[in-house]
**Q** 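Questions regarding the structure given below will be posed in turn.
This structure is a prediction, so every number in the text was calculated from the model and none was measured.
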Amino acid sequence: MRRTFTRVLPQLLTLAVLMALVTLFFPQFLAVDYQGGRLSGPVIDVLKRGAPVALLAVGMTLVIATRGIDLSVGTVMAITGAAAAWAIASGWGAGTAVLLALAAGLVCGLWNGCLVAVVGIQPIVATLILMTSGRGIAQLITEGRILTFNDPGFAWLGSGILAGLPVPVFIWILTAVAVAILMRRTALGLLVEAIGINRSASALAGVNARVLLIAVYMASGLCAALAGIIATADIRGADANNAGLWLELDAILAVVIGGNSLLGGRFSVAASVLGAMIIQTIDTGILLAGFPSEYNLVIKAGLVLIILVLQSPNLASEWYFLRRSLTQRREPKPVPSRVKE
Amino acid sequence: QTVGFSQIGSESGWRAAETTLTRQQAEERGIDLKFSDAQQRQENQIAAIRSFVAQGVDAILLAPVVATGWDSVLEEAQEAEIPVVLLDRQVDAPDDLYLTAVGSDLVHEGEVAGQWLVEKVGDRECRIVELQGTTGSSPAIDRATGFRNAIEGHDNLEIVRSQTGDFTRTGGKEVMESFLQAESGNEICALYAHNDDMALGAIQAINEAGLNPGEDILIVSIDAVPDIFKAMAEGDANATVELTPNMAGPAFDALEAYWEDGTMPEKFIQTESTLYTQDDDPMAEYEARKDLGY
Amino acid sequence: MLLSIRSLSKSFPGTKALDAVDFELKAGEVHALLGENGAGKSTLIKCMTGAYRRDSGQILLDGQPVSPGTTSEAQELGIGTVYQEINLLPNLTVAQNLTFGREPRRFGMISSRAQRDMAREMLAGYGLDIDVGRDLGSYSVAVQQVIAIARAVSLSGKVLILDEPTASLDAAEVRMLFDILRDLRDRGLGIVFVSHFLDQVFDLCDRLTVLRNGCKIATEAIAETDRLKLIKHMLGRELDEATEEERRKTTAPHEERHEMLRFDRVGRPGTVAPFDLTVRRGEVIGLAGLLGSGRTESAELLFGVRAAQSGQAHDEAGPVDFSNPRAAIRAGFGFAPEDRKTDGIIADLSVRENIVLALQARRGWTHPVPRAEQNRLADDYIARLDIRTSDAEKAVGDLSGGNQQKVVLARWLAMNPRFLILDEPTRGIDIGAHAEILRLIHQMTAEGMALLVISSEFDELVAVSDRIIVLRDRRHAHALVGDEVTADAIVRAIATPDAAQTQTRGAA
Amino acid sequence: MTVNPRLYPLLATIGIFMLAYLVCWMQFPYMLSTRVVGNLLTDNAYLGIVAVGMTLVILSGGIDLSVGSVIAFSGVFIAVLLRDTGLHPLAAFAILLAVTTAFGAAMGGVIHLLAMPAFIVTLAGMFLARGAAYMLTIESVPIVHPFYETLKNAYWLMPGKGRLTLIAIVMLLAVVAGALIAHRTRFGASVFAIGGGEQTARLMGVRVGATTVGIYAFSGFMAGLSGIVFSIYTSSGYPLATVGTELTAIAAVVIGGTLLTGGAGYVLGTLFGVLTMGLIQTYIVFDGSLSSWWTKIVIGVLLLLFILLQRGLLRVSSLRA
Ligand SMILES: Nc1ncnc2c1ncn2[C@@H]1O[C@H](COP(=O)(O)OP(=O)(O)OP(=O)(O)O)[C@@H](O)[C@H]1O
Ligand SMILES: Nc1ncnc2c1ncn2[C@@H]1O[C@H](COP(=O)(O)OP(=O)(O)OP(=O)(O)O)[C@@H](O)[C@H]1O
Ligand SMILES: [Mg+2]
Ligand SMILES: [Mg+2]
């Protein structure tokens, strides 16, 4: 617990500073009120709206820990959402729809995992294939339209209230906690990190790298399916064209803001979901602050860049040497010993 | 006859309906339609048109993704003596480069929506929030302009917040939620959405915030997709301006006349921007549209 | 004085790698830099050549203070270096590697023909006959090592630094290298030579400097020192070398030992010709041969790293599956590979995690090794193998080369396998740890474990093996048993080819 | 004469392209006309140029996600500059190239100095460049200038009415220049070295910092050049243009036989990768029967097919060797 806390401290600080910043522009940001059995307020919105990216980030963290990347998650959201909507439209009921969507997510993950682990295609390219063609599959299911449905049970997953909070909040927090426990209470975390750092050495030590890789992509598919279910339930319709569009980039950003290395190895799920909340705070903050929409991208890019630069471990050492070289005479530059091969 | 059709993509239900109707129309008239989906990219559209020219089709339908940049490829088509008909959006090129353009006037659509609102609220103070389309897309720009033209001079109407919802339901819902937080729901009198999908998302957000869409907040949007009629029938939406997806019908009419005896059609065949409100029997409209592939 | 270093210090988080070290190199001498694993030799070299930023201290070249900030600056100063771990780029051709940074150009463009000519010229005298237009990675470790040396030699206008250059070379190549080095020395170069082979040091060097725990202990002329004194400098204590002699006498003749495993006709076309192998409890089998003779590949076949295309294995209980590493591990095999950097360590994981990895993988992810157990194992092996690390949580990649090797060994010992394959287990390991590892081998066999040891050092093989198999041209050509196990016999077995076959070296 | 195994991926790429062209030709005989060939080069000119820059980046083991946005920014920048000032287009080009090169160099600097992954830095660059384009204008701006007319209409009419346009020639020149830089200069050698292993490269004397900055500056320059070509191609600037082009370029580079992990590949291969992507597009248009969604699926499937074929060919040839 202590260790997790120190690990996510930079992310917590970032989040706090960011919230303070948003409050400057929009003073009621932290206001929460309670009426009609539900909490509401911008912070609650952040928690709820951040659900898809947080879920994607959980799966993405595992994939990135194995030194991979999964560009297809946004598309998988569209596919699973379409599958769920189709199931409901065909009268199968909410439970079946959820199961079908989860199964579809697993199948997508299996496909990616096989391309990466069995065929040996590099992860970016392997998942790029599903990223481009998967949206076609989703559109094939919905025939290009927004497949709407009216099933209160399923819609509850997207916009329902449980104990005063939106249901998606519970879904992402439970998923993150479950995955974190699964990784740290079993040996999975260690094995995943091992194959991420040195796959061939791990395989020689008897780690089943192939199966683990496939499993990790399937986990990512499963998380994307949950995100897809939430997105679909939220608007009571499957929008194959737009569901999850470009969310993979937000998810990757979240993982990196969470301090996880894109080169694989050590990972923290908690930090990643905090990263997702940081991104959502930026997004919601931009909406609330009321700038014209053509500034959205620049503001977001600027803030993300500042956060990443401040978190960069090299910045501290650069500062140190800059200050020293101002006082002393010039000395050779450091070799970042972090960069391992 | 072979006709090449360069479609923008399939980013919305409306666009899917346009594609479906174009195929239907072509089939009815015995025209061989070569369809190319450009995935939202102008460069793909240009490449597609050039391929059509290279194949020697008899005519080209083009739904341009953006207004500018068509001159040279249209010139190429002209050199090959292939007539080009523009669908639903205008281009910024000399009008002798294409046979005709079928479409609605996007600015006018915005104006129709604005006028409806002006009449509806009368002298009441009205704080309006606006859900814009994708930043930089021509419908977003023109529909915003038209709406502003219409409410200009009515000082009781004011656009207090305006943000992009990217033409999507999720976008509409998310942005509306933030509008409701920022402007404290009861003070918003009307929502203008650049398309129905965003309006439909926003309606859910308003419902979830415990307000009554259609009454507490007036809702006007553009496109007239089936689902918005359903919402109107339920009293959740107030008005929509139709943008017909049947652009191909008039286009093929013009082409057939041209093939027959070289009749030059008008340079701009404008489709109507009909306003529908809750009084126009929305359920019947819904039934009429729901199978068009929206 | 050609190169002098004054009071150089360097710390890493948690370790003081160098503590006010002085070092002097004269023109025209070969100066050995010696010390245990982790003593700080490689760090000193890296600080000297601009690969690391030193904390404090001065470097004088020809009396002038210099401060190379990058390795390219060092090269421009006339210092050529072969680093211990990282040598060259496998994705470039041999010619590109050799001429890197000094490519011959015509009209501003690199001329690849001139480049190849230049490369061939640089390699002349090293006895390598290879296609310099091929990727470096397609050649064996030994060939790469020679190429790295050739490159450093041609870069060294004044100083040549070699960090364990002989670790993967065989005797003939070492002789050739030494001839080249002596020639350079006679031409006035200053040469720094790091090695754990004391014989080579006494053979080649003029003076030596010993480091221990990051401090300079002594600098002496070779003529004025002897082996024992040197070892005492390095270890800070006397080394007990008696155990090795003991062992051969105490073990039973190998025919009487209980047969444990039998491999029949294991082979793979293009890799190793099918061979038989019988493994008995508690015996040590040595694999000898020249570089590229197929020793590593034999080991890889036995462990399933490369699937054997023919052959099977049996033990008392029946057939044994060794088609992939996991199956082999289940069958009780273990394998410490030759290239520890790419196949052995998981650099960013801690010493503890590296040690328990194989154990954990065998138990399956649902049965995590309890943390207390992990700590016990790690502490136990750190103590038993004398792994020099600040604590068990240090990342393995931050250990010195020899200590990384010990961590890999510890991983397999923790598994307690019945049949352990060690490919060059003592490469890059200091003399103290070397003795330690040999002692461990004895201890393991006494407990019934069978070992297959691959080593380029015939003396070492002779010292540990009950039986030696000599490989030639990717075939198991000879078996030496009992009294035949001598270094001479191995050399003879390698040298007398079956009439028609001739030795090829280098490119396989 | 034996072929150096280094060349196998390149040969596989070219072979597969030829094979694919043959298949297309058998189905649509018209595919072999100079018109189609000319179109293939012209339509993919901007992609080819940007892919050359991307090849160098990928050879160094990096990635540049900003290029699509930079192309859009370039078009908008030129269009606005020509609209609002009396500058000659050539002057506008020079300013633009300076801006995009500096932008690339800045990203390279951040990547090196802060040891941040290229993926993330260039992702932020992607947002920034497009955001900057939005801030210049949110509308599409036509470019009307006599000089642009000249550029647009500069082509060589090949026999058979095919046009070899100026921008196609610029693209081919960019490929040649890129190939020379990558394979025939010390800078190029350093790029390969960094791709083979940054730490090793450093120890071999590569100035990693300067080279990294150079690589991304080159990619920025190429993206700017590609933006110019794209603005000639469309005579306009549009902030929403070329969304996702970076991914297409990466796919083209990979199909061209360059390893995404860096250190191995050929610029010439990238040309064939680009042409292969173009061929897929052309084939789909010629076919003309695919619905919007099937278009996406088929593109993905063909992409996979090419990659699998390439891997298969390489495996077979490495077994034989
Ligand atoms: N990058 C690093 N980060 C932290 N500690 C390091 C790093 N590199 C080396 N060390 C530590 O510095 C000490 C000296 O290591 P060095 O590699 O110089 O030893 P060495 O004498 O070359 O040993 P060997 O004979 O095994 O090669 C060791 O304790 C090692 O753990
Ligand atoms: N088919 C092949 N093509 C190219 N190179 C090969 C091939 N097979 C083997 N080699 C090279 O030959 C080398 C020698 O094989 P192997 O490692 O089995 O011999 P070794 O006796 O263990 O020598 P070393 O002491 O260098 O490990 C291999 O490391 C590999 O680089
Ligand atoms: Mg060392
Ligand atoms: Mg070997």
Side-chain angles (χ1 to χ4, degrees), chain B residues 2-11 15-16 19-20 23 32-57 64-73 75-76 79-80 91-93 132 134-138 140-142 144-145 164, chain D residues 28 30-31 33 35-36 38-40 42-44 46-47 75-76 79 130 133-134 137-144 149 152-153 161-163 165 230-245 248 278 281-296 299:
Chain B
T2 307
V3 173
F5 175 27
S6 171
Q7 175 64 292
I8 296 179
S10 56
E11 76 281 5
R15 186 117 348 247
T19 306
T20 314
R23 281 185 195 277
D32 180 16
L33 191 76
K34 287 211 168 255
F35 175 75
S36 160
D37 179 299
Q39 330 252 339
Q40 261 72 38
R41 304 239 202 127
Q42 182 179 23
E43 56 273 27
N44 286 354
Q45 288 202 294
I46 295 180
I49 296 174
R50 300 175 132 217
S51 280
F52 290 147
V53 172
Q55 288 176 81
V57 295
V65 64
V66 53
T68 52
W70 301 100
D71 305 38
S72 52
V73 69
E75 274 162 27
E76 245 175 84
E79 267 169 44
V91 301
D92 211 352
Q132 295 182 327
T134 305
T135 311
S137 65
S138 58
I141 297 167
D142 291 345
T145 315
T164 176
Chain D
F28 305 106
Y30 203 76
M31 286 288 283
S33 68
R35 205 166 204 159
V36 174
N39 284 354
L40 205 55
T42 306
D43 294 335
N44 296 293
Y46 78 99
L47 184 61
V76 173
R130 198 165 294 276
Y134 278 147
T137 174
I138 56 167
E139 297 175 40
S140 79
V141 182
I143 300 177
V144 271
E149 292 299 311
K152 227 164 43 181
N153 295 322
K161 280 206 143 185
R163 299 174 183 193
T165 54
F230 195 74
S231 77
I232 296 171
Y233 185 57
T234 63
S235 318
S236 64
Y238 181 43
L240 275 177
T242 57
V243 173
T245 293
T248 318
Q281 279 291 342
T282 311
Y283 176 81
I284 287 174
V285 176
F286 264 75
D287 177 73
S289 65
L290 293 177
S291 67
S292 297
W293 27 99
W294 276 109
T295 304
K296 292 191 177 114
I299 289 178

**Q** Report which part of D/S33 has an atom under 4.5 Å of a heavy atom belonging to chain B: side chain, backbone, both, or neither.
**A** neither
**Q** Below 4.5 Å, heavy-atom pairs only: which of B/K34, B/R23, B/Q7, B/E43 has the largest tally toward chain D?
**A** B/E43
**Q** What part of D/L40 is in contact with chain B, defined as an atom under 4.5 angstrom from a non-hydrogen atom: side chain, backbone, both or neither?
**A**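 For D/L40, no heavy atom lies under 4.5 Å from chain B.
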**Q** Taking all heavy atoms of B/D71 and all of D/K152, pick out the closest pair and write down the distance.
**A** CB-NZ, 3.9 Å
**Q** Which region of B/V73, side chain (C-beta onward) or backbone (N, CA, C, O), has a non-hydrogen atom less than 4.5 Å from a non-hydrogen atom of chain D, or is it both or neither?
**A** neither
**Q** D/V36, D/V243, D/N44: which one forms the most heavy-atom pairs within less than 4.5 Å of chain B?
**A**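 Ranked by heavy-atom pairs under 4.5 Å with chain B, first place is D/V243.
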**Q** Among D/I299, D/T282, D/T245, which residue forms the greatest number of heavy-atom pairs with chain B at distances under 4.5 Å?
**A**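 The residue among D/I299, D/T282, D/T245 with the greatest pair count is D/T245.
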**Q** Are D/L240 and B/V66 close enough that some pair of their side-chain heavy atoms sits under 4.5 Å apart?
**A**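 They are not in contact (no side-chain heavy atoms under 4.5 Å apart), so the answer is no.
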**Q** Give the member of B/Q39, B/R15, B/Q42 that has the highest number of heavy-atom pairs under 4.5 Å with chain D.
**A** B/Q39
**Q** Which heavy atom of B/E75 sits nearest a heavy atom of D/N153, and at what distance?
**A** OE1-OD1, 4.2 Å
**Q** Could you give the distance from CD1 (D/I143) to CG (B/D92), rounded to the nearest 0.5 Å?
**A**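 The distance works out to 11.5 Å.
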**Q** How far apart are the closest heavy atoms of D/Y233 and B/I46, and which atoms are they?
**A** OH-CG2, 3.2 Å
**Q** Within a strict 4.5 Å, meaning less than it, do heavy atoms of the D/T248 and B/R41 side chains meet?
**A**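 Heavy-atom side-chain distance check passes, below 4.5 Å.
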**Q** Between B/F35 and D/S292, does a side chain to side chain contact (heavy atoms under 4.5 Å, CB included) hold up when you go through it step by step?
**A** CA-CA 9 Å; B/F35 175 75; D/S292 297; 3.6 Å; yes
**Q** Can you tell me which portion of D/Y134 sits under 4.5 Å from chain B's heavy atoms? Options are side chain, backbone, both or neither.
**A**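 For D/Y134, the contact with chain B is made by the side chain alone.
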**Q** Checking heavy atoms, do the side chain of D/K161, its backbone, both or neither come under 4.5 Å from chain B?
**A**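 Neither part, no heavy atoms under 4.5 Å.
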**Q** Measure D/T137 against the heavy atoms of chain B and call it side chain, backbone, both or neither at under 4.5 Å.
**A** neither
**Q** Side chain to side chain contact (heavy atoms under 4.5 Å, CB included) between D/T42 and B/R50: does it pass, once the steps are laid out?
**A** CA-CA 10 Å; D/T42 306; B/R50 300 175 132 217; 3.4 Å; yes
**Q** Between D/E139 and chain B, with a heavy-atom cut-off of 4.5 Å, which part of the residue counts as in contact: side chain, backbone, both or neither?
**A**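 Contact with chain B is through both the backbone and side chain of D/E139.
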**Q** Looking at D/R163 and B/E79, does any basic side-chain N land under 4.0 Å from a carboxylate oxygen?
**A**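 So D/R163 pairs with B/E79 through a salt bridge.
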**Q** Counting only non-hydrogen atoms closer than 4.5 Å, does D/S231 touch chain B with its backbone (N, CA, C, O), its side chain (CB onward), both, or neither?
**A**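 For D/S231, there is no contact with chain B at all, as no heavy atom is under 4.5 Å.
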**Q** Is B/S36 in contact with chain D via its backbone, its side chain, both, or neither, using a 4.5 Å heavy-atom distance?
**A** side chain
**Q** Given that the side chain runs from C-beta out, which part of B/N44 has a heavy atom under 4.5 Å from chain D: side chain, backbone, both or neither?
**A** side chain
**Q** If I compare all heavy atoms of D/V285 with all of B/S51, which pair ends up nearest, and what's the gap?
**A**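 So the two residues come closest at CG1-CB, 3.5 Å.
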**Q** Counting heavy-atom pairs closer than 4.5 Å to chain D, which one of B/A16, B/S72, B/A93 comes out on top?
**A** B/S72
**Q** Tell me, do B/D37 and D/L290 make a side-chain contact under 4.5 Å, heavy atoms counted?
**A** no
**Q** Atom CZ of D/R130 and atom OG1 of B/T135: how far apart are they, to the nearest 0.5 Å?
**A** 11.5 Å
**Q** Indicate the atoms forming the closest heavy-atom contact of B/I141 with D/I138, along with that distance.
**A** CD1-O, 3.5 Å
**Q** Testing the basics here: between D/Y30 and B/Q55, what is the closest heavy-atom pair and its distance to 0.1 Å?
**A**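 Heavy atoms only, the tightest pair is CE2-N, 4.4 Å.
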**Q** Given heavy-atom pairs under 4.5 angstrom as the criterion, report whether the side chain, backbone, both or neither of B/S137 touches chain D.
**A** both
